[in-house]
Amino acid sequence: MGEGRVHATHWWIVEGDSYLGAIDLRHYLNAFLLDVGGHIGYSIRPTARRRGLATWALGAVLPEARAFGLGRVLVTCDDDNVGSARSIERNGGVLEDVRTTDAGIKRRYWITL
């Protein structure tokens, strides 16, 4: 494992033979992830957005996080990413804060499992 990296599980989001996006579950947080990235990160291909895929994928990964023994997970998004903020909130995300980081302004949510 390289410096600054953590163990993670990755899933692709597909529909038939089409790649739509990906979601990652980081098994623990380092200082950078605690500030910026969180336990769960996802991305949806631009042509597949606005279909609820991020909300669905996040909801599907939460039981996996619980199975790893996590009691709560941190999920972040850019402050201006309204769609991602809604996906997190629909899955029980509670806003802890909005902060300026080296990667821009981030909204930080905790989801209790």
Side-chain angles (χ1 to χ4, degrees):
M1 179 84 36
E3 184 177 338
R5 297 187 181 264
V6 301
H7 289 279
T9 304
H10 310 280
W11 294 271
W12 285 5
I13 302 165
V14 297
E15 185 175 63
D17 291 337
S18 298
Y19 172 85
L20 304 178
I23 188 163
D24 306 311
L25 171 61
R26 300 167 189 116
H27 301 181
Y28 54 90
L29 299 177
N30 59 22
F32 175 80
L33 293 173
L34 182 60
D35 191 42
V36 177
H39 287 97
I40 299 173
Y42 51 84
S43 62
I44 304 297
R45 189 177 74 194
T47 58
R49 292 180 184 159
R50 302 186 57 95
R51 294 176 41 191
L53 293 171
T55 301
W56 168 81
L58 179 56
V61 168
L62 294 176
E64 300 291 333
R66 189 177 308 111
F68 273 107
L70 299 173
R72 66 183 190 146
V73 292
L74 176 65
V75 186
T76 71
C77 66
D78 290 341
D79 187 43
D80 62 354
N81 190 337
V82 176
S84 189
R86 281 192 193 129
S87 293
I88 298 166
E89 291 166 359
R90 286 183 179 135
N91 277 287
V94 176
L95 183 66
E96 178 179 67
D97 62 19
V98 178
R99 64 174 67 171
T100 301
T101 72
D102 291 339
I105 302 172
K106 298 290 182 181
R107 299 177 68 82
R108 298 173 67 256
Y109 293 88
W110 287 95
I111 300 174
T112 302
L113 304 175

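Because the structure is a prediction, the values reported are computed rather than measured.
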One should read off an interatomic distance between Arg5 CZ and Leu33 CG, to the nearest 0.5 angstrom, of 11.0 Å
Quick one: are Tyr42 and Val75 in side-chain contact, heavy atoms under 4.5 Å?
yes
Take a 6.0 Å sphere around CH2 of Trp56 and say whether it holds more than 12 heavy atoms from other residues, nucleotides or ligands.
no
Neighbour count >12 (heavy atoms, 6.0 Å) for atom CG, Asp97
yes
Pairs flagged by side-chain hydrogen bond (donor to acceptor under 3.5 Å, both in side chains) wherever residues 29-39 is involved - sequence neighbours left out:
Asp35-Arg99
How long is the span from the OG1 atom in Thr101 to the CG atom in Leu34, to the nearest 0.5 Å?
12.0 Å
Under a 4.5 Å side-chain heavy-atom rule over Ile, Leu, Val, Met, Phe, Trp and Tyr, are Ile111 and Val98 clustered together?
yes
Separation of Trp12 CH2 from Ile23 CD1 (nearest 0.5 Å)
15.5 Å
Less than 4.0 angstrom from a charged side-chain N to a carboxylate O is my criterion; do Arg45 and Glu15 meet it?
no
So, for Tyr109 and Cys77, which heavy atoms are closest and what is the spacing to 0.1 Å?
CE1-SG, 4.3 Å
May I ask you to decide if the ring planes of His27 and His7 are parallel, tilted or perpendicular, using 30° and 60° as cut-offs?
parallel
So does Gly83 get a backbone contact from the side chain of Arg49, meaning a donor-acceptor N/O pair under 3.5 Å?
no
Would you say Leu20 and Trp11 are hydrophobically clustered, going by side-chain heavy atoms of ILVMFWY under 4.5 Å?
no
Any Leu29 side-chain heavy atom under 4.5 Å of Val6 side chain
no
Side chain of Thr9, backbone of Leu25: donor and acceptor closer than 3.5 Å?
no
What distance do Glu96 atom CD and Trp110 atom CH2 have between them, rounded to the nearest 0.5 Å?
6.5 Å
Taking all non-hydrogen atoms of both residues, which atom of Leu58 and which atom of Ser87 are closest, and how far apart?
CD2-O, 3.9 Å
Please find the pair of heavy atoms, one from Gly59 and one from Asn91, that lie closest to each other, and give the distance.
CA-OD1, 3.1 Å
Which atom pair, heavy atoms only, marks the closest approach of Thr76 to Arg108?
CG2-CG, 3.9 Å
Within this structure, what is the CD1-OH distance for the pair Ile13 and Tyr19, rounded to the nearest 0.5 Å?
7.5 Å
Looking at Ala103 and Val36, what are the two nearest heavy atoms and their distance?
CB-CG1, 3.7 Å
Single-linkage hydrophobic cluster, 4.5 Å side-chain cutoff, Leu74 and Leu95 together
no
Using 4.0 Å as the upper bound for N to carboxylate O, is an ion pair formed by Asp78 and Arg107?
no
Are any side-chain N or O atoms of Arg26 and backbone N or O atoms of Gly38, one a donor and one an acceptor, separated by less than 3.5 Å?
yes
